[in-house]
Amino acid sequence: MITAPRHPAPVFRLAVDGVDITPKVNNRLISLTLTDNRGLEADQLDISLSDHDGRLSIPPRGAIINLWLGWSDTGLVNKGTYTVDETEHSGTPDVLTLRARSADLRQGFTRKRERSWHGVTLADVVRTIAQAYSLQPVIDLVLGAVGLAHQDQANESDANLLTRLATEHDAIASVKAGRLLLLPVGASKTASGLALPHINLTRKDGDGHRWLAADRNSYTGVRVYYYNPNSAERLEAIIGTEDNLKTLRHIAADRDSALQAARSEWQRLQRGSATLSYTLARGRPELLPEMTYSLHGIKQQISDVVWLCSRVIHNVSDSGYTNSLELEQQLASDDDLAALVEGAYTGVVAWYRAEDGTQQPITEGDQGNPKRLVHLYASKASAERAVKREFERLSQSS
């Protein structure tokens, strides 16, 4: 007799304070949702279990949960460690709900402090904080070398300070696997500093998508105020054009800091000018924030560019195992992207992701003062189309 092959089934493993509880809860699972965030926003694990017979014990707050996710045909992937901070029991029917957050945020990380930093680099700040919490620092070399003339940490936690500095420099500060990371947004690296893989998806991989591009708040530039040393005169640093400026509330310490904050905010606005939510019909436990994606077989506006993941949601239930991805547009790695000039462009340049993962330029017209297209294109053909389209538009308006 020939036995039909079994379809792959989602599998998970849960350990509480080092004790494997999977056999006890495997048939009780109602839903399991892991929200994997970018940066220092804590990852969150929500688990709902049937307690129809009243035999489940409620774990204490502070209990440590280890989670593995995967499929019966490919095995399990370690998804990290989480600390239980909320428990709920409801009925009828009786259900035990646990909420846990990533355990890598050390005790005291969110306690407010008073101190100042003088004549240091970003790397100095990260290393000092990492040492205080017994974390291993992983710092981008270029980003870490950025100097900070003066920074006040006034009634501000270390977590908030790192988040603020990262935002001002278009970077991500995060704690993963015992490491404190400071990396540029879109660097697409693991906690150990290795490059994350690029993911190609086709229409058949998806169970649903939602692409949104909106003109509301379509700023043409960013303004940051600052004061010169020994002067009460308030000055401004602007990136972009003044037609519709976004003004940041934070006052910078000097001109260089103001320009850096304006440039970082401008790049963040460009990434978010279009967003994409994508649901995978079959969940992939290896997916992480900061991975990049190319999508094929959907609308050209979606498939033309490379997408950067800001959040991954893993969900296991009676319906199976799915992923929900929150994506924004990846920017090209060009130091001059934010060095915008008001008109008088002589040509156009754009970058695309080559098959070997490098970024290659496509140009049109004189490159003496080109207009730089900020988004990274998914192929040479899509970059060529974009460059030609923009060059024709500039030629008609000149």
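Source: prediction; values computed, not measured. Side-chain atoms are counted along with the backbone in the values below, which use heavy atoms only and exclude waters and symmetry mates.
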Without swapping roles, check the side chain of [X] against the backbone of [Y] for a donor-acceptor pair under 3.5 Å.
X    : Y    : value
D43  : N37  : yes
H169 : G144 : no
D51  : L56  : yes
T220 : N244 : yes

Please name all residues satisfying side-chain hydrogen bond (donor to acceptor under 3.5 Å, both in side chains) with [X], sequence neighbours left out, ordered by chain then number.
X    : value
S90  : none
Q151 : R164
T74  : none
N78  : none

Got a salt bridge between [X] and [Y], using NZ or NE/NH1/NH2 to carboxylate O under 4.0 Å?
X    : Y    : answer
R284 : D205 : no
R61  : D85  : no
R268 : D170 : no
D158 : R115 : yes

Pairwise side-chain contact, [X] with [Y], heavy-atom cut-off 4.5 Å (strictly under):
X    : Y    : value
E168 : S264 : no
L122 : I139 : no
T292 : L376 : no
Y377 : I362 : no
L280 : L201 : yes
P59  : L98  : yes
Y293 : L276 : no
I47  : L29  : yes

Heavy atoms of other groups near [X] [atom1], more than 12 under 6.0 Å:
X    : atom1 : result
E355 : CD    : no
Q131 : CD    : no
D53  : CG    : yes
K246 : NZ    : yes
R38  : CZ    : yes

For W71, give me all partners under ring pair (Phe, Tyr, Trp, His ring centres under 6.0 Å), at least two apart in sequence or on another chain.
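Counting only residues at least two positions away or on another chain, W71 forms a ring pair (Phe, Tyr, Trp, His ring centres under 6.0 Å) with Y321.
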
Measure across [X] and [Y] and return the closest heavy-atom pair with its distance rounded to 0.1 Å.
X    : Y    : answer
R113 : Y133 : NH2-OH, 3.1 Å
T121 : A145 : CG2-O, 4.0 Å
A166 : A173 : CB-N, 3.8 Å
Y226 : A258 : CD2-CB, 3.7 Å
A213 : A274 : CB-CB, 4.1 Å
L180 : V126 : CD2-O, 3.7 Å

Go through it in stages, so that I can follow the logic: the residues are K388 and E364, the test is salt bridge (Lys or Arg N to Asp or Glu O under 4.0 Å), and I'd like the CA-CA distance, side-chain angles, deciding distance and then a yes or no.
CA-CA 7 Å; K388 182 177 180 180; E364 183 83 18; over 6 Å; no

I need the [X] [atom1] to [Y] [atom2] distance, nearest 0.5 Å.
X    : Y    : atom1 : atom2 : value
L165 : L161 : CG    : CG    : 4.5 Å
I172 : E41  : CD1   : CD    : 12.0 Å
E286 : L69  : CD    : CG    : 11.0 Å

Is there a path of hydrophobic side-chain contacts, each under 4.5 Å between heavy atoms of I/L/V/M/F/W/Y residues, joining [Y] to [X]?
X    : Y    : value
W211 : L308 : no
I65  : V95  : no
L259 : L245 : no
L45  : L49  : yes
V185 : V138 : no

Could you go through the side-chain hydrogen bond (donor to acceptor under 3.5 Å, both in side chains) check for T22 and R13 one step at a time?
CA-CA 5 Å; T22 312; R13 180 185 173 199; 5.1 Å; no

Apply side-chain hydrogen bond (donor to acceptor under 3.5 Å, both in side chains) to the pair S273 and Q329, showing each step before the final yes or no.
CA-CA 8 Å; S273 60; Q329 296 174 109; 2.8 Å; yes

Test side-chain hydrogen bond (donor to acceptor under 3.5 Å, both in side chains) applied to H296 and N200, step by step
CA-CA 8 Å; H296 309 279; N200 284 285; 3.0 Å; yes

List for me each residue that meets side chain to side chain contact (heavy atoms under 4.5 Å, CB included) alongside R389, sequence neighbours excluded, and say none if there are none.
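Checked R389 against side chain to side chain contact (heavy atoms under 4.5 Å, CB included); matches are R385, A386.
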
